[in-house]
There are 2 protein chains.
Amino acid sequence: MKRPKPNIDPIFHALGDPTRRAILDRLSRGPVSVSRLAEPLGITVTAVAQHLHILEDAGLALTEKSGRVRSCRIEPAGFAVLEQWIREHRTIWERRLDRLDDVLAKRWPDKSR
Amino acid sequence: MKRPKPNIDPIFHALGDPTRRAILDRLSRGPVSVSRLAEPLGITVTAVAQHLHILEDAGLALTEKSGRVRSCRIEPAGFAVLEQWIREHRTIWERRLDRLDDVLAKRWPDKSR
DNA sequence: GGGATACTGAAGTAGTCACTTGACAATCCT
DNA sequence: AGGATTGTCAAGTGACTACTTCAGTATCCC
């Protein structure tokens, strides 16, 4: 019973931060330790650990401590949830309103629905 | 020269808020006014206007004022940028590391790159 | 004209966010 | 054993976020 229900909120929140996206980019090239992750980012190891926790909660990263080193890697689960969300909402954006509806809506936006 | 360079950051930020996703859901059923948008959300019209500004900046919504009513609609541009980002990063998540790399990385995460 | 409607703008507030520092714990290496 | 490495925990800080209230402005309609 350890399956976390797919919640899109923490995923968007996690991906909303550039530093976290940079971390994911780095992880995509293979597993890394926390301190190696911190090096190119110019922030403290503590900050990286905090970002990692957020990424883990979102199901985007997975970490595992062996010895004194915490190894961090990509976790596809979160990304799958994101893709699913996109799939479910694609039609919404793609829907082309026909000309008439469009014009009517423009004139009487309140009455249109 | 009005083309805003596609920046993924405001898009993730905009979609990170449940209220804004609710607004987009409503807009997907056709154009609505600001006050109609506020009704089911239980927040003030001012708050909705603020959310709309964020959605507009992200290229996810489009509003236009005619008379005293501001008509709000879906804007596919932002969604297209999101899809593009996903497309560019899909391989990252889909990449299946072969067993050997996997094990090596687990044992010597620091040396793996 | 004048009252109701639909929104705007400025300012304030409570809570969250990214990040830091500093003190600590565990592990590795010689 | 003992110093260096790697990470953790707790607390604090400044910036930002979502939201509010209140005082306007513009528009609609009788």
Side-chain angles (χ1 to χ4, degrees), chain A residues 7 9-24 26-27 31-58 60-73 105-113, chain B residues 7 9-24 26-27 31-58 60-73 105-113:
Chain A
N7 186 5
D9 224 76
I11 293 174
F12 277 129
H13 171 234
L15 292 174
D17 184 275
T19 303
R20 279 189 296 262
R21 289 201 303 277
I23 289 177
L24 287 178
R26 191 101 209 287
L27 292 185
V32 224
S33 71
V34 178
S35 39
R36 286 247 162 158
L37 226 27
E39 266 172 24
L41 293 172
I43 56 177
T44 59
V45 187
T46 309
V48 172
Q50 287 163 0
H51 281 307
L52 281 168
H53 193 236
I54 289 167
L55 288 168
E56 275 198 279
D57 281 352
L60 293 164
L62 203 142
T63 79
E64 185 187 7
K65 193 159 184 177
S66 69
R68 62 181 165 174
V69 175
R70 176 169 296 274
S71 179
C72 315
R73 52 168 65 214
K106 233 172 189 161
R107 296 211 187 184
W108 303 283
D110 281 353
K111 309 294 165 50
S112 72
R113 178 138 295 270
Chain B
N7 187 6
D9 225 76
I11 293 174
F12 278 129
H13 171 236
L15 292 174
D17 184 276
T19 304
R20 279 190 294 262
R21 288 202 302 280
I23 288 175
L24 288 178
R26 192 101 209 288
L27 292 185
V32 223
S33 71
V34 178
S35 40
R36 288 247 162 158
L37 226 26
E39 265 172 25
L41 293 172
I43 56 177
T44 58
V45 185
T46 309
V48 172
Q50 286 163 1
H51 282 306
L52 281 169
H53 194 234
I54 289 168
L55 288 169
E56 276 199 278
D57 280 353
L60 292 164
L62 204 141
T63 79
E64 185 187 5
K65 193 159 186 177
S66 68
R68 61 182 166 172
V69 175
R70 177 168 297 271
S71 178
C72 315
R73 50 170 64 214
K106 232 173 189 162
R107 296 209 186 187
W108 303 283
D110 284 351
K111 309 295 167 45
S112 72
R113 175 135 298 271

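Everything numeric here is computed off the predicted structure, so don't read it as measured data. A, B, ... follow the sequence lines: proteins, then strands. Residue 1 opens every chain.
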note: I43(B), atom CD1; dT21(D), atom P; distance rounded to Å ~ 12 Å

How far apart are the C-alpha atoms of L52(B) and V48(B), what are their side-chain angles, what is the distance that settles it, and do they pass the side chain to side chain contact (heavy atoms under 4.5 Å, CB included) test? CA-CA 6 Å; L52(B) 281 169; V48(B) 172; 4.0 Å; yes

Identify the pairs formed between an N or O of the protein and an N or O of nucleotides 10-18 of chain D at a distance under 3.5 Å, and give each distance.
{"unit_1": "dA18(D)", "atom_1": "OP1", "unit_2": "R20(B)", "atom_2": "NH1", "d": "3.4"}
{"unit_1": "dA18(D)", "atom_1": "OP1", "unit_2": "R20(B)", "atom_2": "NH2", "d": "2.8"}
{"unit_1": "dA18(D)", "atom_1": "OP2", "unit_2": "R20(B)", "atom_2": "NH1", "d": "3.4"}

Contacts of type salt bridge (Lys or Arg N to Asp or Glu O under 4.0 Å), residue R21(B), not counting sequence neighbours: D9(A)

Considering non-hydrogen atoms only, spot the tightest contact between I23(A) and H51(A) and give its length. CD1-CB, 3.7 Å

Looking only at heavy atoms, which two atoms of L60(A) and L24(A) are closest? And how far apart? O-CD2, 3.8 Å

Without decimals, in angstroms, what is the distance between K65(A) NZ and dC9(D) C1'? 11 Å

Separation of dA18(C) atom P from D57(A) atom CG, nearest Å, is 13 Å

Show me the protein contacts with nucleotides 24-30 of chain C, counting only N or O atoms at under 3.5 Å.
{"unit_1": "dT27(C)", "atom_1": "O2", "unit_2": "R68(A)", "atom_2": "NH1", "d": "3.3"}

Taking every heavy atom of A22(B) against every heavy atom of L41(B), the minimum-distance pair comes out as CB-CD2, 3.9 Å

How many Å lie between CZ on R70(B) and P on dG9(C), as a whole number? 9 Å

Evaluate C72(A) against T63(A) for side chain to side chain contact (heavy atoms under 4.5 Å, CB included), listing each step before the verdict. CA-CA 4 Å; C72(A) 315; T63(A) 79; 4.0 Å; yes

Atom-pair distance (CG on L52(A); C1' on dA18(C)), nearest Å: 14 Å

Under 4.0 angstrom between T44(A) side-chain N/O and dC19(C) OP1 or OP2: no

Please name the pair of heavy atoms, one in R36(A) and one in R26(A), separated by the smallest distance, quoted to 0.1 Å. O-NH1, 3.1 Å

Could you pull out the closest heavy-atom pair between I43(A) and A47(A), with the gap in Å? CD1-CB, 3.9 Å

Can you tell me the distance, in whole Å, between the NE2 atom of H53(B) and the C1' atom of dC19(D)? 17 Å

When you look at Q50(A) and I54(A), which way does the side chain to side chain contact (heavy atoms under 4.5 Å, CB included) test go after all the steps? CA-CA 7 Å; Q50(A) 287 163 0; I54(A) 289 167; 5.7 Å; no

To the nearest angstrom, how far is E39(A) atom CD from dT5(D) atom P? 13 Å

